[in-house]
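What follows is one structure encoded as structure tokens, with my remarks underneath.
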Amino acid sequence: MNNRILENLEFNKVKQLLLPYVASQQAEKELQDLLPMTERDRIKQAFSEIKDMEEIFVASHGFKVAAIKDISESLRRLEWDADLNISELLDIKHVLRVSSELSHFYTGLENVLLRALGRLFEHIEVFPNLTGALEAINDGGFVESFASLELSQIRRTIQKSETEVRQILQDLLKSKSDYLAENLIASRNGRSVLPVKNTHRNRISGVVHDISASGSTVYIEPRAVVELNEIITQAQADERHEISRILHDLSDMLRPHHQAIRNNAWLIGHIDLVRAKVLFMRDYQATIPHISQHKTIQLVNVRHPLLKNPVANDLHFAETLNSIVITGPNTGGKTIMIKTLGVSQLMAQSGLPIFADEGSKVAIFNQIFADIGDEQSIEQSLSTFSSHMTHIVAILEEADADSLVLFDELGAGTDPQEGASLAIAILEDLRKRHIKTMATTHYPELKAYGIETPQVENASMEFDTDSLRPTYHFMQGVPGRSNAFEIAKRLGLGLEIVEEAERLTDRDTDVNLIIEQLEKQTAESRRRLDHIKEVEQDNLKFNRAVKKLYQDFSRERDNEFEKAQKEARDIVDLALSESEAILKNLHTKAQIKPHEIIEAKGQLKKLAPEVDLSKNKVLKKAQKKRAPKVGDTIVVTSYGQRGSLTKLLKDGRWEAQVGLIKMTLKEEEFQIESVEKSKEPKKKQVHVEKKTNGQGPRARLDLRGMRYEEAMMALDSFIDQALLNNMAQVDIIHGIGTGVIREGVSQYLRRNKHVKSFGYAPQNAGGSGATIANLG
């Protein structure tokens, strides 16, 4: 399709209407590249995909496609044997995760036959090994310590050294407070230093890193921590090198699959674009047209997509009809009508719904040509007429029987008599070559041409003589008539002058009377047609009502499941609140050891009655859907690390990829995360890792995303469990945010007599976004 027609009909603006419905960059890119097609099968395929997506919405009204970024450049770098950075790996990780989610969605889609989209879903490949390996990088871009044994050891070294540095500096703050300008630990050049008064700089031996602007304060790194800081600096360099090696290994794992990942990204983007078409079609009340076998066009209540509150019109371009000539005065909407025809054809041939009612038909044209608007070539010193004629000559040379030609004000810009003759000659040439043509003109000579010539039909735009305004209604088969005399009368021109003008144009007056009768007949036909359309609309409303009933049933089924879950949670919460009250009474009655209180809590939690949901069919179906599948994202309970299931072994155990490590797990040793993640509240995992310094096991609690009350309850339970398991030290991740939860954690730890000490984590382990507590 030539670019000129796309510009003339503002096709890019039409495509922009779909942009708000697109979620992924891949779909956005495909939309930008979307062009009209000339192959019937490809257009039918595009329409079938839209119909399939409508079926998906009926079965799953909340169907969404997660947003993905354009990863084409990253995949190209993989082809060139380059290593990807963390951001690029995260983008690919997200594509693999969405691929797995869509594949599982399609597997669980019941009672829906997808004729066009089915093969797209089936071509999505799932890579559980790759997905599991990429869990070594969390969604925040941090390379997890479990990514490799070396990285874990390096970070333990850093953490141990930083703890020692902190302890030494804390001791110096207490013992040397008289020599310090401020009682705090500062940082200079990446080193922890003490702000020492210049007059006492010789009292603390070490390396001077900075001096204040006034010269009264010297920032000294005490000699006792210099060696430790050197160890930290070296370990941090080793950490960077090890992370670089891990990224290299992950890139090497992805490299053989770059083509399949690229195909997955395209499939996700394409499914997203089809979903956008359906949402666009619903909001704008557009429809999917039929494709005629021949060059028949039938547009019912067609509207221009770029107009606000456009007037709907019918257009019938039969197979035997070659030309439609719209006559009549200007400012009546003639140009809009030919643009509406052109843009509707472009949209349909691009696989987009058109702004028309059900029952509309479009043809397929290899080319659409248009000469629309006033043009004047300054460079070539051509007049408006010359510029138009140059363009028309090019159209006549290129157009053939598979083309659609649109002319606006054909023959204008020159002597009226010559212009009319030229317009008739051009239309006659196109008619003889069987080229579909729609043209507008204000020359009255073309009315006779439309009446007398076979395969040519007149048309006009309705004009309300009472309000002296155009109605923008298209009247096919009725030539345009001049309303000059009627308008002149209403505007106050003398009656004698108007009658004299009518006497001088008696023949034209007779023609106008005939046209007036035709207009009345057309208006009556339109009224009857409107009645037929009302009946059709009633049928469509009934069809929509049936679909809505099915959607309501589906929604009610989901609500019942959620209601059952909420009822169970409420019962448990009630029992737990009662247990808290009992425990408070225990505290006031006698001195009880902490572990006895914690055990009492555990026993009281068992008081929550079991809810019998075994007969609930909805819950049974949901439990079946939650059964582990290859590709599921999991959390290993004992370690708190995320991975992906790769294989079901014969003994019923599962093989999983966790970072760069493969593990064999029983079903009770992991939890499924990805399939129901979007519907269930996010569960905070406790991360447990073995320490090598003999202080016993260590646990981590993540409070990010929780409400304050929920976070405090989780913290209380977490500390109880840590004390029961003889934990020496625990990590509490609360993030920075507004600081409410961080302050709540500090207050809780300060009140708890079993917490010996606590403080913020080192900078590379979360800084002020995490707190380390020592228990005893």
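Quick note: numbers below take in every heavy atom, side chains included, and nothing from hydrogens, waters or symmetry partners. Counting begins at 1 with the first residue of the sequence.
Listed for the Asn458 side chain is no donor-acceptor partner under 3.5 Å among the backbone atoms of Gly477. The backbone N or O of Ile68 lies less than 3.5 Å from no partner atom in the side chain of Gln26, so there is not a single donor-acceptor pair. When atom types are taken as modelled, the side chain of Ser99 and the backbone of Val95 share a donor-acceptor pair closer than 3.5 angstrom. For Asp371 (side chain) and Ile392 (main-chain N/O), no donor-acceptor pair under 3.5 Å exists by modelled atom type. With Gln25 contributing its side chain and Asp70 its backbone, the two residues share a donor-acceptor pair below 3.5 Å. Not a single donor-acceptor pair under 3.5 Å links the side chain of Lys295 to the backbone N or O of Ala363. Looking at Asn2, its side chain does come within 3.5 Å of a backbone N or O of Ile368 through a donor-acceptor pair. For the pair Thr471 (side chain) and Glu462 (backbone), a donor-acceptor distance under 3.5 Å is present. Not a single donor-acceptor pair under 3.5 Å links the side chain of Thr296 to the backbone N or O of His294.
Screening Arg431, Lys432, Arg433 for a salt bridge (Lys or Arg N to Asp or Glu O under 4.0 Å) with Asp429, the sole residue that qualifies is Arg433. Exactly one of Lys51, Met53, Glu49 qualifies for a side chain to side chain contact (heavy atoms under 4.5 Å, CB included) with Val278. That residue is Met53.
Distance check: Leu346 CG to Lys339 NZ gives 12.5 Å after rounding to the nearest 0.5 Å. Here the straight-line distance linking atom CG of Leu31 with atom CG of Leu18 works out to 5.5 Å at 0.5 Å rounding. Thr327 contributes atom OG1, which lies 11.5 Å from atom CD of Glu445 (distance to the nearest 0.5 angstrom). Atom CD in Gln45 sits 9.0 Å away from atom CG in Asp41 (nearest 0.5 Å). Between the CG atom in Leu102 and the CG atom in Leu267 there is a gap of 9.5 Å [rounded to 0.5 Å].
Phe47 approaches Ala348 most closely through the heavy-atom pair CZ-O, 3.4 Å. Heavy atoms only, all atoms of each residue included: Ser350 and Lys277 are closest at O-NZ, 4.4 Å.
Using cut-offs of 30° and 60° for the angle between ring planes, the Phe105 and Phe121 rings count as tilted. Relative orientation of the His270 and Trp266 rings is parallel, given thresholds of 30° and 60° on the angle between their planes. Using cut-offs of 30° and 60° for the angle between ring planes, the Tyr284 and Phe355 rings count as tilted.
Between Arg119 and Glu122, no side-chain nitrogen of the basic residue sits less than 4.0 Å from a carboxylate oxygen of the acidic one, so the salt-bridge criterion is not met.
Taking Glu457 as the reference, Leu321, Gln476 meet the side-chain contact (heavy atoms from CB on, under 4.5 Å) condition, with sequence neighbours excluded.
Side-chain atoms of Gln259 and Arg262 include a donor-acceptor pair closer than 3.5 Å. Of the N and O atoms on the side chains of Glu125 and Asn264, not one donor lies less than 3.5 Å from an acceptor on the other residue. Between the side chains of Asn322 and Gln455, at least one donor N or O sits under 3.5 Å from an acceptor N or O. Between the side chains of Glu409 and His388, not a single donor N or O lies within less than 3.5 Å of an accepting N or O.
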